[in-house]
Amino acid sequence: MAREAAELPPKETLSLWIREQAQLKALVVDRDTEAWQRDPGFSGLQRVGGVDVSFVKGDSVSACASLVVLSYPELEVVYEDCRMVSLTAPYVSGFLAFREVPFLVAAVRRLREKEPGLVPQVLLVDGNGLLHHRGFGVACHLGVLTDLPCIGVAKKLLQVDGLENNTQHKEKIGLLRAGGDSFPLTGGSGTVLGMALRSHDHSTKPLYVSVGHKISLEAAVRLTRGCCRFRIPEPVRQADIRSRDYIRRTLGAPTPPAPGQDRSQKVQRPKGGSEELEDEGRPPEAHGQGPETAESPRHTRPAAASVEPSCAQ
DNA sequence: GCGACAG
DNA sequence: ATCTTGTCGC
């Protein structure tokens, strides 16, 4: 039952969110902190993570949050965690993290508990880092809350601080000749907020890379490039593919019955009729079931009186 | 009224 | 984010 789109938050909520972003932003580290980041070939880097959230078609609440870990430099998936979640916050440009990040933090926590040896050394995040209205995009947010190095990888330019996807910008894109070519995205303040990167020889549309946490912009761009078999970096791409697949497999049985819990969430299975093309009857497996929900409405809780990272490495 | 708007 | 399979091209 597709719940209705969450309404735009009241302005008090937005001001709380802005305050929380400002407090957490003070904790961002925008330089290399790990030895492998300085190495030309990233020697010492073995695991790169990717996160993504995919949505159910007619439903603005149900989604699948996924975390994958790939080996480096082989870029083979060595860990996958997909989980259905119930989003509470609506999408508001500039506040993406408040919608998605609680579930991504939870995924990282599960990984730390179950497979500490597979915790990634860096996370590629679908969205921006410092390239953001207030310099604190989802990649920064997730980085601070997990204390993991994070890179923001956006597919579209966030037009902020004077940055515009205008004719001049498109001209610069046209000058990107080969995979790895890039140019800086300089905000009105003169600060370099990120880089436009041609991630692949056969890709015209650039990626917009920015620092999330505990990595320099130079290393962030170089690593993003090093993760691209196609336009989208493999960790993010795999997280996206697998979360979508998970949703497809879950659609036929939206409410996985947890043993011992007969919370009848009324979900009508497709009737005998030819309502829908069924996938191969693949029972929900591997990971936990039951939509999880972000704890109590964020907007009712006072902004972080304490701004400590919830997970320390 | 019109344009902008990461995912 | 999502709506959508096959098809054309390198």
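Computed from a predicted model, the values in this text were never measured in an experiment. In the text below, chain A, chain B and the rest are named by the order of the sequence lines, each starting its count at 1.
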Quote, to the nearest angstrom, the P distance that separates C/dG6 from B/dG1. 45 Å
A/T186 meets the side-chain contact (heavy atoms from CB on, under 4.5 Å) criterion, sequence neighbours left out, with A/P184, A/V192
Nucleotides 4-7 of chain C: which of its N/O atoms have a protein N/O under 3.5 Å away?
none

Just so I know, are the side chains of A/R134 and A/F95 near enough to count as touching, which here means a heavy-atom distance under 4.5 Å?
yes
Sub-3.5 Å donor-acceptor pair from the side chain of A/H200 to the main-chain atoms of A/R229, do we have one?
-> yes
Review item, side-chain donor-acceptor pairs of residues 167-179 of chain A, under 3.5 Å, at least two apart:
residue, atom, partner, partner atom, Å
A/H169, NE2, A/Y208, OH, 2.8
A/K170, NZ, A/N165, O, 3.1

The side chain to side chain donor-acceptor pair (under 3.5 Å) partners of A/S203 (sequence neighbours excluded) come to none
Contacts of A/D32 meeting side-chain contact (heavy atoms from CB on, under 4.5 Å) (sequence neighbours excluded), chain-then-number -> A/Q37, A/R38, A/I215, A/S216, A/A219
With sequence neighbours left out, the residues meeting ring-ring contact (aromatic ring centres under 6.0 Å, His included) with A/F230 are none
Interatomic distance at P, B/dA4 relative to C/dC3, whole Å | 25 Å
**Asked** Hey, are the side chains of A/V69 and A/V77 touching, using non-hydrogen atoms and a 4.5 Å cut-off?
**Response** no
Under 3.5 Å, is there a donor-acceptor pair between the side chain of A/S210 and the main chain of A/N128?
no
Writing each nucleotide of DNA chain B 5' to 3' as (, ), [, ], | or . by Watson-Crick or G-U pairing under 3.5 Å yields .......
Salt bridge flag under 4.0 Å for residues A/D81 and A/K114:
no
Within residues 185-211 of chain A, the residues having a heavy atom closer than 4.0 Å to DNA chain B are none
Stems of at least 3 consecutive Watson-Crick or G-U wobble pairs (donor-acceptor distances under 3.5 Å) involving DNA chain C, listed by first number, are none
Any protein N or O atoms within reach of nucleotides 5-7 of chain B? Criterion: under 3.5 Å, listing atom names and distances.
residue, atom, partner, partner atom, Å
B/dC5, OP1, A/Q159, NE2, 2.8
B/dC5, OP2, A/Q159, NE2, 2.6
B/dA6, OP2, A/Y91, OH, 3.2
B/dA6, O4', A/N128, ND2, 3.2
B/dA6, N7, A/G94, N, 3.0
B/dA6, N6, A/G94, O, 3.2
B/dA6, N6, A/F95, N, 3.2
B/dA6, N6, A/L96, N, 3.2
B/dA6, N6, A/H132, NE2, 3.3
B/dA6, N1, A/V138, N, 3.2
B/dA6, N3, A/N128, N, 3.1
B/dA6, N3, A/N128, ND2, 3.3
B/dG7, OP1, A/K155, N, 2.9

Side chain proximity check, A/F42 to A/L223, heavy atoms < 4.5 angstrom:
yes
_Given 3.5 Å as the limit, does a donor-acceptor pair link the side chain of A/K214 with the main chain of A/D30, or not?_
no
### Salt bridge present between A/D245 and A/R249 (N-O < 4.0 angstrom)
no
Applying side-chain contact (heavy atoms from CB on, under 4.5 Å) to A/Q121 and not counting sequence neighbours gives A/W36, A/L45, A/Q46, A/R47
Open item on the list: Taking C/dT4 as the reference, what is the distance to B/dG3 when you measure between their P atoms (whole Å, please)?
Closed with: 27 Å
Hits for salt bridge (Lys or Arg N to Asp or Glu O under 4.0 Å) against A/R237, two or more places apart or cross-chain, chain-then-number order -> A/E234
